[in-house]
Amino acid sequence: MTIFKKIIDRDIPAKIVYEDELCLAFHDVNPQAPVHVLIIPKKEISAVDAIQAEDKELIGHIFCVIPKIAKDLGLAEGYRVVTNNGLLAGQTVAHLHFHILGGRPMMWPPG
Ligand code: AMP
């Protein structure tokens, strides 16, 4: 079981900013920007690689929720959405998650 499943199940605490029946969003414990929130599906999907056709609506839903969270967190001037897939990309938690980063200018290309 991943640490994010434990957050979903309320076995460990998190600073939750949004929740509905399909997804959960909470502040990253090690923020890389003034605002750094993670949004995750409640369904256990390990990574982008593991997304199935049946998850289309769920993933679409998450991307409909992201702008609402960004607006609530004051990111009207812009923000970045990032997902790391696999070891080389730096994925450390095997539960699909999208980073929402903002509150400072973002560099490109990313490291
Ligand atoms: P990634 O490296 O893309 O897999 O992202 C995993 C993210 O989860 C990292 O930014 C971590 O700081 C974050 N993280 C790990 N454990 C927790 C936790 N208990 N609560 C909030 N964020 C966490």
Side-chain angles (χ1 to χ4, degrees):
M1 180 188 285
T2 69
I3 198 147
F4 290 173
K5 176 65 175 155
K6 289 180 183 168
I7 290 174
I8 292 167
D9 292 344
R10 303 299 202 272
D11 288 337
I12 63 167
K15 291 185 188 165
I16 292 170
V17 297
Y18 178 89
E19 180 170 25
D20 63 29
E21 69 281 11
L22 295 176
C23 65
L24 183 69
F26 51 89
H27 286 280
D28 195 294
V29 80
N30 182 25
Q32 302 301 312
V35 176
H36 187 173
V37 163
L38 303 172
I39 183 165
I40 67 173
K42 288 186 173 175
K43 178 178 176 183
E44 288 185 275
I45 299 172
S46 61
V48 170
D49 272 348
I51 294 172
Q52 305 289 317
E54 69 192 29
D55 302 319
K56 272 191 255 183
E57 217 169 295
L58 169 60
I59 303 303
H61 174 73
I62 287 173
F63 274 83
C64 288
V65 168
I66 286 171
K68 294 178 187 163
I69 293 173
K71 193 176 171 207
D72 286 349
L73 294 174
L75 302 180
E77 284 184 86
Y79 57 93
R80 183 167 291 171
V81 180
V82 178
T83 186
N84 297 317
N85 181 84
L87 280 180
L88 263 189
Q91 184 178 2
T92 58
V93 180
H95 184 120
L96 181 64
H97 51 283
F98 300 96
H99 299 255
I100 304 169
L101 297 143
R104 64 166 169 81
M106 295 289 156
M107 303 301 155
W108 194 264

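Both counts, for ligands and for their atoms, begin at 1 and track the order of listing. The shown structure was predicted, so the numbers you read here are calculated from the model rather than taken from an experiment.
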TODO: Just need the protein heavy atom nearest to atom 8 (O) of ligand 1, so name the residue and atom and give the distance.
DONE: Phe4 CZ, 3.4 Å
Open item on the list: Need the ligand 1 atom indices (1-based, order shown) with element for anything under 4.0 Å from a heavy-atom of Val93.
Closed with: 4 (O), 6 (C)
Task: Per-residue contact class, Leu38 against ligand 1 - non-hydrogen pairs under 4.0 Å - done: side chain
Task: Of the listed options Val29, Asn84, Leu101, Leu96, closest to atom 14 (N) of ligand 1 (non-hydrogen atoms) - done: Val29
Open item on the list: The test is side-chain contact (heavy atoms from CB on, under 4.5 Å); show your working for Ile40 and Phe26 and say whether it passes.
Closed with: CA-CA 9 Å; Ile40 67 173; Phe26 51 89; 3.7 Å; yes
- [ ] Check each of Ile7, Ile12, Asn30, Asn85 against atom 18 (C) of ligand 1 and report the one with the nearest heavy atom.
- [x] Ile7
TODO: Could you establish whether His99 and ligand 1 come within less than 4.0 Å of each other, counting only heavy atoms on the residue side?
DONE: yes
- [ ] Find all atoms of ligand 1 within a distance of less than 4.0 Å from any non-hydrogen atom belonging to Gln91, and give their numbers and elements.
- [x] 4 (O)
Task: Identity and distance of the protein heavy atom lying nearest atom 9 (C) of ligand 1 - done: Asp28 OD2, 3.3 Å
- [ ] State the atoms of ligand 1, each with its element, that fall below the 4.0 Å cut-off from a heavy-atom position in Thr92.
- [x] 1 (P), 2 (O), 4 (O), 5 (O), 6 (C)
Open item on the list: Taking 4.0 Å as the limit for heavy-atom contacts, which would you say applies to His97 with ligand 1: side chain only, backbone only, both, or neither?
Closed with: side chain
Open item on the list: If the condition is salt bridge (charged side-chain N to carboxylate O under 4.0 Å, His left out), which residues does Glu54 pass it with, not counting sequence neighbours?
Closed with: Lys43
Task: salt bridge (charged side-chain N to carboxylate O under 4.0 Å, His left out) partners for Asp11, two or more places apart - done: none
Task: Any Val65 side-chain heavy atom under 4.5 Å of Leu22 side chain - done: no
TODO: Return yes if some donor-acceptor pair links the side-chain N/O of Glu21 with the main-chain N/O of Cys23 below 3.5 Å, else return no.
DONE: no
Open item on the list: Does the plane of the ring in His99 sit parallel, tilted or perpendicular to the ring in His36? Use 30° and 60° as the thresholds.
Closed with: tilted
Open item on the list: Counting only heavy atoms closer than 4.0 Å, does ligand 1 sit against the backbone of Val82, its side chain, both, or neither?
Closed with: neither
Open item on the list: As an exercise, identify every atom of ligand 1 less than 4.0 angstrom from a heavy atom of Gly90.
Closed with: 1 (P), 2 (O)
Task: Whether His27 lies under 4.0 Å from ligand 1, heavy atom - done: yes
Open item on the list: Between His97 (side chain only) and Ala25 (backbone N and O only), is there a donor and an acceptor less than 3.5 Å apart?
Closed with: no
Open item on the list: To the closest 0.5 Å, what do you measure between OH (Tyr18) and CG (Asp72)?
Closed with: 9.5 Å
- [ ] Taking the side chain as every heavy atom from C-beta outward, state whether Leu24 and Phe4 have any atom pair closer than 4.5 Å.
- [x] no
